[in-house]
Amino acid sequence: MNLRGRLVEVGEEREVETQYGQRSLAEMTIRPDGVGSADATDAADGDATVRVTLWGKWTHTADLADPGMDLLVTEAEESEYRGETTYATSKESYVVLEPDFLVDVTDVRSWVQCPRMYYLNKLSGIPLNYPVVKGTVVHEVFGDLLRGRDLEDSIDERVAEAGLQLGLLGYDAGEVRDEVRRNAAAIEGWLAQGTLTGEAADAASSEWDGGPSEDEWRSEYTLISPTFGIKGRADALRRGMPVELKTGKNLKRDPRFQDKIQAAAYALVLAERGVPADTATLLYTKNTALDRNEESGDLSPAKEFSVGKGLLDFVVRKRNEIAAMEFDFSVPTGFEADARCEYCFEQDTCMVVSGRLDQESKAGQIGTPLPEDEREYFDHLYRAIEEERRETHREYRKLWEQSAEERADDDRALINLDYLDRREIAGERWELRARKPDGAVSKLREGDVCLASDGDPVGGHAELCRIRELGEEVVVTADEPVELRRLDVYPSEISVSRMLTALHDALLKGSEDRKDVLFGRRDPAFADRSAETYIDNNEAQNRAVRLAVDADDAALVHGPPGTGKTYTIARTVRALVDEGQRVLLSAFTNRAVDNALEALREQGFEDAIRVGTENGIREDMLDLHLETAGDPNDRAAELNDAPVVAATTSSCGSRMMREQSFDVALVDEASQLTEPGTLAAVNLAERFVLVGDHQQLPPVVRAENDLQESLFERLIDRYPEASVMLDRQYRMSQRIQAFSSAEFYDGALRPADGAVAAQRLSDLGVAESALPEELRDPVAFVDPDGSRVGNTNPTEADRVAEIVDAYVAAGVDPDDVGVIAPFRAQVAEISKRTDVTVDTVDRFQGSSKEVVLVSFVATGALDGPIFEDHRRVNVALTRAKKALVLVGDADALGSDPFYARMLHWARR
DNA sequence: ACTCTGCCGAGAGGA
């Protein structure tokens, strides 16, 4: 049986005499309830504790354990001792610390080389370098070969796909193709050997009947292990045994140890799925025929080795070391292993990082430590980012912990799909189709990468796929055919990793000048190089452009709703380019990046490149999109020569963008970005301009931590003189903007001119007299006397729909009406009753409508965190141009001073 | 208690 629980007490290791001789043991006390999977609670009832003895080598894990950690013992032996039921590890047992902390297989690999290498990889990311790019190409070609694809076709296409990266590294396609061809020859030679003849091609063409079966080849197998807390992707499986491809050379008789560990980790995860693998193969594809002819005779690329329980135990223990270290956010020193620093390629990096961050390390330190406030900042954000990582792991857990129905409720999956069929498509890939059940909704969108499965994404057959169509019929493409019954959002740690690298780059690679400003040691400096006038009809906008052009370090532009931020940004970019500056134009969302580009083009500027994934970019900006595939030189030149590069801040953290440098980074929506998120863009430039509004929604983070305050907000508080507030708004009538202006902008936000101030529905040809009495004021309040049911209020939803109808009946175009609600549940409720746009506040940010209705849902009292952040209300109330209707319960709204003032204003 | 956009995916190599 499996035993799992929270550690209450951790006993010391001790030696005892047994019938098998002297053995070591350590006794643990755990509280089995309330943790993890269902079988965790098999052992005991209530909050009783149980004792479990860890024998032999598992005392190593006991040594790492601390009270509070989650402990899992598989195949535990139960025995009675003086009336008490106790447990102990058996021969088959594994002991897993913090199984919910998902460790990547490659992390185990680097940890085995040196724990410090694990840390350095995590911190600084893997930079753009040729071995990685070529390695990736070879892996892709390998997968293609296994699927029976023509070798030359595959090499041509895969090398072309890596065009931009190769170009940035200064390689040309021909030489790379030749080199890949040499690696591929080793693969082909191996595939053709002895009993393997023709197998790959046979497997590829054979009928597929679900999960992996014994005699088949599989490429790119996505594996997640809830039991062992490991995830990863095996390069291939042959007859259920992992095959790991290496692009390098290994002329020794045995595989490299860390490579064995990597392959063994895949074998471990396969064992959990009931497909035990007792052998694994490492394929060193740089070993050539020439090498083979040498005397030892066994230098073929393939090295097989057996995977016994002892090796698997070792993998689990190493994985436990990582989990234990991450549990209290500690930093590995390198002393945990007996790696020899003098042979290590990372020695210099390791010493610099140790020296600058004042970390203990086996390699020693170089250089002087960063100032204390910078180190504190690092420690603080490092921890916050790691907390975010754990929240991402929770998303993984939902893949197996939630029942299908719960999963459906939380919007992150489409379940119970009716599998229709599959079809082989170009590139030896597959197109899979299924029918969606009526009314199923999810956050999945066309173009997303997600996990397609036969209904069981963890224990069954799952493949990463891309969504092509998401209508009544669901169409996805994948490398292997799955019986498509379920689609899940595939959680990714990418944004977390990128935050970490941005933090690292800012502190360890960033210029002192910039850090002085970031850490409040020096006020931002300004030169006098701007022209007098850039924008002649809006004094604040003009000042904003001048501030940005004059900034030697940083400028901050505060743009409340409707104040022409995007226009000002575009004008600023042009002014900077005119000064000969190379500009990075960035923002949190794709939408904002595209809006800024659109404004640039409207102002006649076209010389920009849009970097990012194709499906994130709006169609009318795709002509500016930088293709990553193609001739290396051309692709690299396109990027390197662009005076303006536009990308989301997330893309700025990509390997390719990290190689770019700019004079100025201009970041929109900066108030919605975490500090590390902002740094990803800021790091790439000499100077930066942040544009945002800290009175609107803050950054979205999963964990409660200090990532919630944006760099924009921190800096604007610290350096008000380096900022300009755009104070003229072009969106709302005087009546509508009054409350927001008074509450959030000290009354400084004003209509740009009389026409904006005085706009009314009659301007749209609507007869206001046709509206019910209660709606004739541009700001109205309606209390429908409903009651809150969960996060909905059906009566209020009815009333909202009636009001929408009233506006439409009076002549308002339905496209000009929008409804906003705080909860998604209420959004769904209202959507059932009307065809106009209905969305949450958060999703409405950035857009506007002539008529806006806000449904507050709450009755009786304002219970819930969603009502606590008044900035959300600011967003909701500032979407309307000519008419705004607040629909809610007067008692609830009156119970809080802020909402009471809002009510007072609305009722006037 | 609630809100939720990004990004792609994990990788490789060098004594």
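Naming convention: chains lettered A, B, ... in sequence-line order (proteins, then strands); numbering from 1 in each chain. Note: hydrogens, waters and symmetry copies are ignored here, and every other heavy atom, side chains too, is used.
- Not one side-chain nitrogen or oxygen of Thr136(A) sits closer than 4.0 Å to the OP1 or OP2 atom of dG11(B).
- For Gln262(A), counting side-chain heavy atoms from C-beta on, the closest listed nucleotide (dT5(B), dC7(B), dG11(B)) is dG11(B).
- Between the side chain of Arg655(A) and the base of dG11(B), at least one donor-acceptor pair of N or O atoms lies under 3.5 Å.
- As rounded to whole Å, 10 Å separates atom C1' of dA12(B) from atom CG of Asp235(A).
- Not one side-chain nitrogen or oxygen of Arg872(A) sits closer than 4.0 Å to the OP1 or OP2 atom of dC2(B).
- A close approach under 4.0 Å does not occur between any side-chain nitrogen or oxygen of Ser492(A) and OP1 or OP2 of dG6(B).
- The side chain of Phe823(A) sits closest to dT3(B) out of dG6(B), dT3(B), dA1(B).
- Salt bridge status for Arg181(A) with Asp178(A): present, with a side-chain N to carboxylate O gap under 4.0 Å.
- Phe856(A) places its CZ atom 18 Å from the P atom of dC2(B), with the value rounded to the nearest Å.
- Between the P atom of dG6(B) and the CZ atom of Arg498(A) lies a distance of 14 Å, rounded to the nearest Å.
- The phosphate of dG14(B) (OP1 or OP2) has no side-chain N or O of Tyr343(A) nearer than 4.0 angstrom.
- Here Asn121(A) does not reach the OP1 or OP2 of dA12(B): none of its side-chain N or O atoms lies under 4.0 Å away.
- When the side-chain nitrogen and oxygen atoms of Gln672(A) are compared with OP1 and OP2 of dG6(B), none of them lie within a distance under 4.0 Å.
- Taking only side-chain nitrogens and oxygens, Arg843(A) comes nearer than 4.0 Å to OP1 or OP2 of dT5(B).
- Of the side-chain N and O atoms in Asn791(A), one or more sit less than 4.0 angstrom from OP1 or OP2 of dC2(B).
- For Lys231(A), no side-chain nitrogen or oxygen approaches OP1 or OP2 of dA10(B) to under 4.0 Å.
- Nearest approach of Val593(A) to Ser586(A), heavy atoms of both residues: CG2-C, 4.3 Å.
- An OP1 or OP2 oxygen of dG14(B) is reached within less than 4.0 angstrom by no side-chain nitrogen or oxygen of Tyr284(A).
- The pair Asp259(A)-Arg109(A) meets the salt-bridge criterion, since a charged nitrogen lies less than 4.0 angstrom from a carboxylate oxygen.
- Distance CZ (Arg256(A)) to P (dG14(B)): 6 Å, rounded to an integer number of Å.
- Tyr899(A) and Phe867(A) have perpendicular rings, their planes meeting at more than 60° on a 0 to 90° scale where under 30° would count as parallel.
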### Message
Would Arg618(A) and Asn595(A) count as a side-chain hydrogen bond (donor to acceptor under 3.5 Å, both in side chains) here? Give the steps.
### Response
CA-CA 9 Å; Arg618(A) 211 169 60 200; Asn595(A) 285 343; 2.9 Å; yes
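- The distance from atom CG of Leu673(A) to atom C1' of dC4(B) is 14 Å, rounded to the nearest whole Å.
- Note on ring orientation: taking the six-membered ring where Trp is involved, the planes of Tyr130(A) and Tyr171(A) are parallel (angle under 30°, cut-offs 30° and 60°).
- As a whole-Å value, the separation of Asp863(A) CG from dA1(B) P is 13 Å.
- Judged by distance alone with a 3.5 Å cut-off, no donor-acceptor contact links the side chain of Glu244(A) to the base of dG11(B).
- Summarising the geometry, the separation between CD on Glu614(A) and C1' on dC7(B) is reported as 16 Å, rounded to the nearest angstrom.
- Distance Phe257(A) CZ to dA15(B) C1': 17 Å, rounded to the nearest Å.
- Applying the 3.5 Å distance criterion, the base of dG6(B) shares a donor-acceptor pair with the side chain of Ser495(A).
- Regarding contacts with the backbone of dT5(B), every side-chain N or O of Ser650(A) stays at 4.0 angstrom or more from both OP1 and OP2.
- Of the listed nucleotides (dC2(B), dC4(B), dA12(B)), dC2(B) has the atom at the smallest distance from the side chain of Pro865(A).
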